[in-house]
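Down below is the structure, laid out as structure tokens.
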Amino acid sequence: MTERRAILSGSTFEEQIGYARAVVLGDWVHVSGTTGFDYRTMTISDDVVEQAEQCLRNIGAALAEAGCTFADVVRVRYLLPERADFEPCWPVLRRYFGEVRPAATMMVCGLADPRMRIEIEVDARSGKSEGPTSCAG
């Protein structure tokens, strides 16, 4: 039987709603939709590019706790309430994913809080990258 492990970030949303920032299941790491909140202070910038950067810092922390890096990401989903907010984020997204080239989807949809301007979700798999950057299986 494959062991399942939940990774919590300390976000109050995880407790209030009942979910984990990420779930490790065998070789897979599934990171929940992650917004631009700084979970230490539970604050969020008004700027979509700053939110994207914080989303990726939050995701990076979850991946690291799972024993992964962005090099292990195989799928990314971007969710934004405003289509026009996506292109300004491209340089940030390219910095994290430009060499990795995961499968990607962008969707325009409402988010849980009107302050949220972008949400990012990723799936990663161990053994996809070489050396010490792979997930711990």
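Heads up: numbering here begins at 1 and tracks the sequence.
- Transitive grouping of hydrophobic side chains (ILVMFWY, heavy atoms separated by less than 4.5 Å) brings V31 and Y78 into a common cluster.
- Between the Q51 side chain and the R115 main chain, a donor and an acceptor come within less than 3.5 Å of each other.
- Ionic pairing of R77 and D123 is present here: one or more N-O contacts between side-chain nitrogen and carboxylate oxygen are shorter than 4.0 angstrom.
- N58 places no side-chain N or O within 3.5 Å of a backbone atom of G36 that could act as its donor or acceptor partner.
- Linking ILVMFWY residues whenever their side-chain heavy atoms come closer than 4.5 Å, directly or via other members, places I118 and F97 in the same cluster.
- The closest side-chain donor-acceptor pair between E14 and S9 falls under 3.5 angstrom.
- Tracing side-chain contacts under 4.5 Å through hydrophobic residues (I, L, V, M, F, W, Y), one reaches L56 starting from F86; they form part of the same cluster.
- Taking all atoms of both residues into account, the shortest heavy-atom contact from S11 to Y19 is OG-OH, 4.4 Å.
- When each of T35, L79, L93 is tested with I120 by the rule side-chain contact (heavy atoms from CB on, under 4.5 Å), just one qualifies, namely L93.
- Although no hydrogens or angles enter the test, the distance criterion places a donor-acceptor pair under 3.5 Å between the side chain of S32 and the main chain of A20.
- A salt bridge does not link R117 with E82: every distance from a Lys NZ or Arg NE/NH1/NH2 to an Asp or Glu carboxylate oxygen is 4.0 Å or more.
- Salt-bridge check for E53 with R95: passed, with a basic side-chain N closer than 4.0 Å to an acidic carboxylate O.
- The cluster map of Ile, Leu, Val, Met, Phe, Trp and Tyr, joined by side-chain heavy atoms under 4.5 Å apart, puts W28 and L8 in different clusters.
- The shortest heavy-atom contact between L63 and A124 is CD2-CB, 4.0 Å.
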